[in-house]
Undergrad: 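Submitted below is the structure of interest, expressed as C-alpha cells.
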Amino acid sequence: MKKISERIFYVGVNDDDKVLFEGLWPLPAGVSYNSYVVADEKVALIDTVESGFEEEFLENVREAAGGRALDYLVVNHMEPDHSSLITFILEEYPDLKILANAKTLPMLKGYHDVPEERVQIIAEGEAVSLGSCSLRFFMAPMVHWPETMVTWLEEENTLFAGDAFGTFGTVDENVVDEESTFGQYCDEMMRYYACIVGKYGKPVQTALQKLSGLDIKRICSTHGPVWETGIADVVALYDRMSRYEVERGVCIVYGSMYGNTAAAADALAMELEERGIPYAIHDLAGNNSGELGLSGALRDVFRYDTIVVGSPTYNNGIFPPVETFMKALQARLIKGRRFYAFGSYTWAGASVRQLNELASSMDFRLIGDGLSFPQAYTREKVDMASVADMLK
Ligand code: FEO
C-alpha cells in the first residue's frame with residue numbers, strides 16, 4: 001500500500017512470476033496490476049487485480065481504508081487482470097455496491113454471476129459523491145474493450161485511466177513517477193501499446209480528444225507507475241502511437257529455419273549500421289533466448305517508418321511465425337509504411353512474392369521487388385548493401 005495523496009491510496013500488486021501476458025506477450029520486467037482506494041466520507045475501490053494476489057490485495061485495501069468497509073467498487077474495465085477478484089471483494093464487503101456502466105453488466109454476470117441489485121449503473125458524465133469529492137465517469141470504448149470507461153476525480157485532478165497510459169514492468173515502492181521514470185519505461189510502454197491496444201488507434205484518439213478538456217495533474221493507470229511529472233510525455237507518446245506516427249528508421253523482422261535468412265537479416269543490419277540508419281532487428285523464430293520476438297517487432301513497427309521482412313519459403317508459402325507477424329500488422333491496421341521483403345528458398349521461391357502481396361493489401365509502399373535467393377546465404381550471392389542503399 002502506498003499513500004498517493006490525502007484521499008488516494010495505491011493498493012495494487014506486482015507480478016514477477018507471469019511469463020506471458022494474455023498468454024502471448026513476454027514479461028522480462030514483470031507487470032503490475034494497479035488498483036486504488038479513494039477514502040473520503042465514503043470509500044471507493046477502483047478496479048481489482050489478477051487472481052493469486054488475494055491476501056496481499058486485501059491487506060492493502062484494508063490498510064488504505066483504515067479498517068472501514070468499502071462502499072463502492074468502480075469497475076472501469078472487465079479484462080480479468082483487473083476484474084478477477086470482484087467476487088472475492090463482494091464476499092469480503094457484503095454491503096458494497098459496484099459502480100459500472102450498462103455494457104459492463106453482462107460481463108459482470110458472465111464472469112462473476114454478480115446479482116443486479118449489487119450493481120449501480122452509471123452513465124456517461126454522471127458523478128457519484130463520496131462526500132467532499134466526487135467520481136465522474138467517462139466512457140472510453142475499445143481502450144481497451146467495449147465496456148471500458150475512465151474515472152475522473154476532479155478535486156484531485158486525477159484520472160483513473162484503466163489500461164490507457166499503461167506499461168509493462170513492475171513498479172517500485174514509490175509508485176509515483178520521477179523525472180527519470182518515463183525514460184525508464186518508454187520502450188515497455190511502446191511494447192505494451194503495440195501488443196495490447198495497438199489495434200485501437202482511432203478509439204484512443206477519440207478518448208484523448210474527450211479528455212483533452214480536463215486539467216489532469218495525475219494519471220493512475222492500471223499498469224505501471226502513477227504519472228505526475230511525466231504526464232506530458234506519456235500523453236504525447238500515446239497520441240503519437242495512436243496516430244501511427246513514426247520516425248525514419250528500419251524495423252527488420254525475420255524468421256529462419258537453418259540460418260540463411262537470418263544471415264541475410266544480420267548482413268542488412270550491418271549495412272544499415274555502416275550507413276548510420278536507425279534500425280531494430282527481431283528474430284520471430286525464437287532462436288535467440290531473451291528475444292522479445294513478435295512483441296518487440298510490433299513495438300518497433302510503431303517506432304520506424306520502414307518494415308523489412310525476411311522469410312524462407314515454407315510449404316510453398318511464408319514461414320509460419322512471419323505469417324503471424326504479417327497478420328498482426330493487419331489486425332493493428334498499420335498503415336503508411338515502406339516495405340521490403342527477402343528470404344531464402346531451396347527449390348521454388350514463394351515467400352517474397354506472398355509477403356509483397358500482403359504488404360500491398362495494407363497499402364504499404366514497396367521499395368523494390370524484394371530479394372529471393374536460392375539455398376545458402378553468401379555475401380556474394382545476396383547483395384544486402386544495395387538493399388541498404390535503397391532504404392536510405
Ligand atoms: Fe490490463 Fe485490458 O487489461
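Order of appearance sets the numbers: ligands from 1, and atoms from 1 within every ligand.
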Undergrad: Residues two or more places apart in sequence or in another chain: which of them pass salt bridge (charged side-chain N to carboxylate O under 4.0 Å, His left out) with Arg243?
TA: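 Expected list: Asp239, Glu245.
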Undergrad: Through direct or indirect side-chain contacts below 4.5 angstrom among Ile, Leu, Val, Met, Phe, Trp and Tyr, which residues connect to Leu20?
TA: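 Via sub-4.5 Å side-chain contacts, Leu20 links to Val19.
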Undergrad: Indicate every side-chain donor-acceptor pair of residues 316-329 with a distance under 3.5 Å to a residue at least two apart or in another chain.
TA:
{"unit_1": "Thr324", "atom_1": "OG1", "unit_2": "Pro320", "atom_2": "O", "d": "3.2"}

Undergrad: Does any donor atom in the side chain of Thr151 or Asn76 lie under 3.5 Å from an acceptor atom in the other side chain?
TA: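 Checked: Thr151/Asn76 side chains pair up, N/O donor to acceptor below 3.5 Å.
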Undergrad: If you measure from CD on Glu91 to CG on Leu96, what distance do you get to the nearest 0.5 Å?
TA: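 With rounding to 0.5 Å, CD (Glu91) is 12.0 Å from CG (Leu96).
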Undergrad: With distance as the sole test, does Asp283 use its side chain to make a donor-acceptor pair with the main-chain N or O of Gly293 at under 3.5 Å?
TA: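 No, the answer is negative, given that no donor and acceptor are paired below the 3.5 Å cut-off.
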Undergrad: If you leave out waters, which protein N, O or S atoms are less than 2.8 Å from atom 2 (Fe) of ligand 1?
TA: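 Counting only protein N, O or S atoms under 2.8 Å from atom 2 (Fe) of ligand 1, the list reads His77 NE2, Glu79 OE1, His144 ND1, Asp163 OD2.
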